[in-house]
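Have a look at the structure below, then the notes.
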Number of protein chains: 2
Amino acid sequence: MNRGRTDKPTLASVAELAGVSVPTVSKVINGRDDVAAGTRGRVQLALARLGYESPVQRRLRTSAPALVDLVFDGLNTSYSLAILMGITNCASAENVEVVLSTVTPGKLKSTNHLEWSSRLADSGRRGLILVTSEVTTEQLEAFERRNIPVVVIDPLNPPPSGFVSIGATNWAGGKAAVEHLIELGHRRIGFIGGPDAAECSMARLHGYLAALRAHGIDVRDDYILSGNFNLPSGVRGASKLLSLAEPPTAIFAGSDLTALGVLDEARRRDLRVPEDLSLVGFDGTDLAEQSVPRLTSVSQPLQEMGRSALRSVLRLANGEELESLHVEFATTLVVRDSTAPPASAV
Amino acid sequence: MNRGRTDKPTLASVAELAGVSVPTVSKVINGRDDVAAGTRGRVQLALARLGYESPVQRRLRTSAPALVDLVFDGLNTSYSLAILMGITNCASAENVEVVLSTVTPGKLKSTNHLEWSSRLADSGRRGLILVTSEVTTEQLEAFERRNIPVVVIDPLNPPPSGFVSIGATNWAGGKAAVEHLIELGHRRIGFIGGPDAAECSMARLHGYLAALRAHGIDVRDDYILSGNFNLPSGVRGASKLLSLAEPPTAIFAGSDLTALGVLDEARRRDLRVPEDLSLVGFDGTDLAEQSVPRLTSVSQPLQEMGRSALRSVLRLANGEELESLHVEFATTLVVRDSTAPPASAV
DNA sequence: CTGAAAGCGCTTACAG
DNA sequence: CTGAAAGCGCTTACAG
């Protein structure tokens, strides 16, 4: 009778399946190098098949609350804080704990994938949530091999197929923002996006383009700028746009922070918002509510996105399947005080 | 020869010291109830003396990076974010990981102290950092018994003597804020603080009082209000102050968020800041920089405070002594655009 | 309530 | 490079 699958796996059962002795399995687990490559391979296969866990790992998994790793690619904006709150609030409800780390933006993808995945596996981490991080396929595959589920929130680059990600309807949001401006009577509308390579920024730009085209408005290349989603991007972008011979009467900024930068630059030029310049942000963070004037913005349900990411990781860790590998949460345009009909149209 | 202190403690060495058998020690450790109270006591004493750790604990301590628990009493402000960034940045530098949890404000002190401290000890946590939390002496003592160092940042209530806390020079900061206003020519200065019981708010109020007295200005009870450090406190407080028969010409708010509330209420009343009303905030968060007008504010080095908290916990966990149980970081008045001489004085 | 004995799961030292 | 043998640290089942 084959009991290997029902009993809790031990070195002995792994050894039996792999057709080697117990000490050999022990060596493989402890990373000794005096094991032949072929033998090592067979043992690793058996370990994976039986789902072997060391006593420490089992103890961690069964006795202590589950730990999930959360990595932010920078943690300095209202945007990050909203996602973080969604995750930590959900964590206390689900009796999970969150190990938070931050990484200097862009540095994550140079982390050694084997080391990183082993570290998480050895520490008994149940899963990993990445926020706006760039990771490599190699890294994602290493986690998959270690059986550590990964969910990426708002990936800068689209994750390779087969990996789980959570985002918002960036295209629809961008379209809604620009349609709002068009309905107010604007025809000259600028766009200040994020990095050119960023998937979410690209989608917002395409929403912008779609809205213009749907209303038969010509797309002007000099009205389309990229940036970094930060405040200086808004200052620089607005400076360029407002210096044009025919400046836009409205600007759609790719983030609330960038919109604040536009606001600064507008003030420096004695332009009133919204009387002289209409402005729409993106994210719908606290900033939109706290700025003067309060910012019309495309709101993303950041807390919900965080909560959903954690729930998805836990379900995957639990062996459940997700209905969909990519979930998009709906954005909503929140009209506040930074948009109005253009001066010429009044 | 007594080798008990030099060899790594095992059940056998504990049993020998306690004068019992190995199985009995095992039972005590596993919380079985078939051990006589006296025997249990002797065993526990021996365990503590030798500093016994289970293999799981030892493995956690030596192989995985140290974990420190971080608990925020609410996590929704620029203030929290700045402290959090200080801690996480320091954590990556020190090769420590941070387990973040948030708690609904005020709920922490009703957490069972035994359960909480055991949970942290069993999970091998190296220490605990609490931010603006109210905790009980009982809880702090439970952690001390479990040998888990605790550092409190900006305790709402002063922690009992013997426990470690980190704050800023609230009194000096309050005094500097008000002296700045007095130097500008203000005589009618309002104060909107935090909760009456909060130590830090009390210190700021006393700084306010000291500045007034030093300049021979009468203290008016109706100019002194308390709140919750949040935005609505500012709105409500400003509404009261500005409705007085003789309203203040300047307001010192106990937090930047409260100052933003004051700004809102001033705008609602068509008062210009700083022309009609001068305003000083406290904390020196991003908000002060991003608001319009930019806020004159008493800046606390929040990131440094976070970093210092983590360093202190690690030193304590390492068996080192701290020079001082309470550290106060210097605040600095940052003058921006929300303060000016009063209209009457121009 | 206690502990001698058996046993479990893993590691180590070493012979081949 | 492999595994039989010894051993380590802890737990369990049970006799007293």
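Convention: sequence-line order gives letters A, B, ...; per-chain numbering from 1. Computed over heavy atoms, backbone and side chain alike; hydrogens, waters and symmetry mates excluded.
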Would you mind classifying the nucleic acid contact of [X] as base, sugar-phosphate or nothing, using non-hydrogen atoms under 4.0 angstrom?
X      : result
T39(A) : sugar-phosphate
V25(A) : nothing
R40(A) : nothing

Hey, what do you get for [atom1] ([X]) to [atom2] ([Y]), rounding to the nearest 0.5 Å?
X       : Y       : atom1 : atom2 : result
I148(B) : L316(B) : CD1   : CG    : 12.5 Å
D73(B)  : K107(B) : CG    : NZ    : 11.0 Å
E94(B)  : L314(B) : CD    : CG    : 6.0 Å

Could you give the distance separating [M] and [N] at their [atom1] atoms, to the nearest angstrom?
N       : M       : atom1 : value
dT12(C) : dG16(C) : P     : 22 Å
dA13(C) : dG9(C)  : P     : 23 Å
dC10(C) : dC14(C) : P     : 23 Å

Intra- and inter-strand pairs of DNA chain D in dot-bracket (Watson-Crick or G-U wobble, both distances under 3.5 Å; | for another strand): |||.||||||||.|||
Taking [X] for the side chain and [Y] for the main chain, is one N or O donor matched with an acceptor at less than 3.5 Å?
X       : Y       : answer
N318(A) : E320(A) : no
N30(A)  : S26(A)  : yes
R307(A) : N89(A)  : no

5'-most by nearest nucleotide on DNA chain D - P23(A) or A37(A):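 The residue mapped nearer the 5' terminus is A37(A).
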Residue pair E304(A), R311(A): steps toward the salt bridge (charged side-chain N to carboxylate O under 4.0 Å, His left out) verdict: CA-CA 10 Å; E304(A) 273 182 60; R311(A) 289 234 178 99; over 6 Å; no
Ion pair E97(A)/R126(A), N-O distance below 4.0 Å: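 Result for this pair is no, no salt bridge flagged.
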Nucleotide range of DNA chain D lying under 4.0 Å from chain B heavy atoms: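 Taking any atom under 4.0 Å from a heavy atom of chain B, the span is dG9(D) to dT12(D).
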